[in-house]
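What follows is a single structure, written as structure tokens, with notes after it.
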Amino acid sequence: MKAIKYLLTGALMTVVSAPVMAQNTDQQVANITKVIMDNKSNLEAVEDQVKDFVKENKKNPLALAGLGRAFFDAKDTTSAKKYAEMAIDRGKNEAEGYILLGDIEAMKNDGGAAATWYQQATIMDPQEPQGYIKYASVYRKRSPELSVQMLEKLRTVDPSYPVDAEAGHFFYTANKFQDAVKYYGKVDLNQLKDNYLTEFATAEYLLADSKKSLEVSLFGANKNPRSAAMNRITFYNYTDLKDYKNALKYADALFNNSDSAKISARDHQYYGYAYMGDSAFDNAIEQFKKALEMNAELNDVRKQLSDAYIAKGDFTNALAYYEEYLNKAEKKSVTDLDGLARLYMQQAASPAQTEEAKKAALMNADKIYGQMAQDAPSNKLYATLQRARINSQLDPETTQGLAKPYYEEYAKLAQAEQADNPKLLIEPYWYLGYYYMNVEKNNEQAKAYFQKVSEIDPENPQAKAALDALQ
């Protein structure tokens, strides 16, 4: 009769091929679950089957919990709770009912209530792993330490459970990478799932341990050569370790020989790094430009494009990208301004530049350091020295004394700010001595400066030669 009832419930009902009583609990639960899931949009249609199931299993807590689980999967938490409580009433020492109640609370985003039920499951049925696992999962982001404590209890119940791997995963998802690698490091790499291998390698990478990260990522890449995640991390690690040949090998694997690889702007950026390291500057430029096309907010890529063009000797594009980088920066740092000034100085030092272009580049650099000295007083000593050196280059024969006011100012600043480092004064005193000897023809003044150099550095050969000449 029961088989006939199953057939008469409608086209979506499941035909039961054998009497229910002859089936074991797992098969019974599987059958009723299919009936419920096939009719989850109209659960009233399964009322008779559910009544029959309950009648047949009224003293079976595992079957009743399984029925509740079926309703839970069908998103009927009211019925799920009813049968979970019935399961607990029929078997207080069985974990399944408590775990189901915990899952119901977790679905409502009440982690505290869920954890209470999971903990109750571990108390009433300490040999069932799921209570420990579910409890640990609830707290894995909020308190991975508490989660791991519960997993350690599970280890005493089931020594085969991969506690260290799960602990590594919990700490990784909580962004506690130092703890993640500590636990992952206890596990044989062969025993880690692919996604855990990825987390292990990534955590080591984020902790700036590229060598250890590479060890893990290479294992993963060799295990699964078409893994985009492992090829990517291996590519990044080799790049950071400046092994550019291997970096390019795994970059090619990521871009061209990985399954379901979603290429990002950062991937193109790193590809550019690797090509730069391999002195393939045109390829680097191509990758950096692709990175910007994908994400124009990656402003540091513009600086890297500038570096690539510098390496090619193309100062026009190098300066254009650097200035674009500065224009898009939220705040221009002293380091950024110094970088632009040094770029102009590199341009001036290039043999390919005309004298007019060299002069213009030096004057641009001088202007930047002048602005730096004004806007960043803490860097005035450095900026003034740079202006002195630039003006010395603009007046290579020291016929105009262009550097004189800057070396004089630098000497005063150095005496005030760096009194314990007199060697800083050798350069300005030497210049000023040379200036007074050759331009002003004031030998006494020149001699005074050369003597100051000699007092700071008694073995200075230039000072000795100059003083001998002035005798």
Side-chain angles (χ1 to χ4, degrees), residues 95 99 102-103 106 111-112 114-115 118-119 121-122 126-241 250 254 258-262 264 266-267 270:
I99 292 171
D103 289 350
Y118 296 144
Q119 187 172 34
T122 68
Q127 299 302 311
E128 170 53 53
Q130 285 302 310
Y132 302 92
I133 296 168
K134 295 269 189 175
Y135 180 96
S137 183
V138 166
Y139 282 104
R140 68 181 185 180
K141 289 186 178 179
R142 194 183 318 170
S143 176
E145 294 83 3
L146 195 59
S147 293
V148 172
Q149 287 178 20
M150 185 60 81
L151 290 181
E152 290 295 351
K153 291 181 181 179
L154 173 57
R155 195 198 297 269
T156 65
V157 173
D158 180 7
S160 67
Y161 188 79
V163 169
D164 293 320
E166 292 303 316
H169 172 62
F170 289 168
F171 279 116
Y172 180 86
T173 55
N175 293 327
K176 295 190 174 184
F177 303 123
Q178 197 69 56
D179 290 312
V181 301
K182 170 186 172 183
Y183 279 96
Y184 275 139
K186 297 178 181 181
V187 186
D188 185 333
L189 294 181
N190 290 287
Q191 303 302 315
L192 287 176
K193 296 182 288 187
D194 287 350
N195 62 313
Y196 286 9
L197 280 170
T198 300
E199 289 180 358
F200 189 9
T202 302
E204 293 284 14
Y205 172 79
L206 293 172
L207 291 171
D209 190 344
S210 293
K211 288 185 178 179
K212 180 60 180 178
S213 179
L214 179 62
E215 178 186 329
V216 179
S217 66
L218 272 176
F219 178 90
N222 289 330
K223 179 183 176 183
N224 183 3
R226 296 193 64 83
S227 166
M230 285 305 177
N231 285 329
R232 175 179 287 111
I233 300 173
T234 304
F235 157 41
Y236 284 15
N237 282 323
Y238 272 129
T239 303
D240 288 349
L241 291 169
Y250 280 93
L254 170 63
S258 292
D259 294 327
S260 304
K262 295 182 179 179
S264 68
R266 183 170 173 78
D267 293 332
Y270 252 78

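All values below come from the heavy atoms of this structure, side chains included, with hydrogens, waters and symmetry mates left out. Everything quoted here is computed from the prediction, not taken from an experiment.
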Any heavy-atom pair between the side chains of [Y] and [X] that's under 4.5 Å?
{"X": "Glu199", "Y": "Leu197", "result": "no"}
{"X": "Asp240", "Y": "Tyr270", "result": "yes"}
{"X": "Tyr183", "Y": "Val163", "result": "no"}
{"X": "Asp194", "Y": "Thr198", "result": "no"}
{"X": "Arg140", "Y": "His169", "result": "yes"}
{"X": "Phe200", "Y": "Val187", "result": "no"}
{"X": "Tyr238", "Y": "Leu218", "result": "yes"}
{"X": "Leu189", "Y": "Lys223", "result": "no"}

Kindly say whether the aromatic ring centers of Phe177 and Phe171 come within a distance under 6.0 Å. no
Ring geometry between Tyr184 and Tyr196 (parallel below 30°, tilted from 30 to 60°, perpendicular above 60°): tilted
Nearest heavy atoms of [X] and [Y], plus distance in Å:
{"X": "Ala95", "Y": "Glu128", "result": "CB-CG, 3.6 Å"}
{"X": "Tyr118", "Y": "Val138", "result": "CE1-CG2, 3.5 Å"}
{"X": "Ala114", "Y": "Ala106", "result": "CB-N, 3.7 Å"}
{"X": "Ala180", "Y": "Gly168", "result": "CB-O, 3.5 Å"}
{"X": "Gly131", "Y": "Thr122", "result": "C-CG2, 3.5 Å"}
{"X": "Arg142", "Y": "Gly112", "result": "NH1-N, 4.5 Å"}

Classify the side-chain pair Asn237/Thr234 by whether it contains a donor and acceptor separated by less than 3.5 Å. no
Spacing of [atom1] belonging to [X] relative to [atom2] belonging to [Y], to within rounding of 0.5 Å:
{"X": "Asp158", "Y": "Leu151", "atom1": "CG", "atom2": "CG", "answer": "11.5 Å"}
{"X": "Gln127", "Y": "Leu154", "atom1": "CD", "atom2": "CG", "answer": "10.0 Å"}
{"X": "Lys212", "Y": "Ser217", "atom1": "NZ", "atom2": "OG", "answer": "11.0 Å"}
{"X": "Thr239", "Y": "Tyr250", "atom1": "OG1", "atom2": "OH", "answer": "12.5 Å"}
{"X": "Lys262", "Y": "Leu254", "atom1": "NZ", "atom2": "CG", "answer": "13.5 Å"}
{"X": "Tyr139", "Y": "Glu145", "atom1": "OH", "atom2": "CD", "answer": "13.0 Å"}

N/O donor-acceptor pair under 3.5 Å between Ser143 side chain and Leu146 backbone: yes
Lys/Arg-Asp/Glu bridge criterion (N-O < 4.0 Å) met for Arg155, Asp164: yes
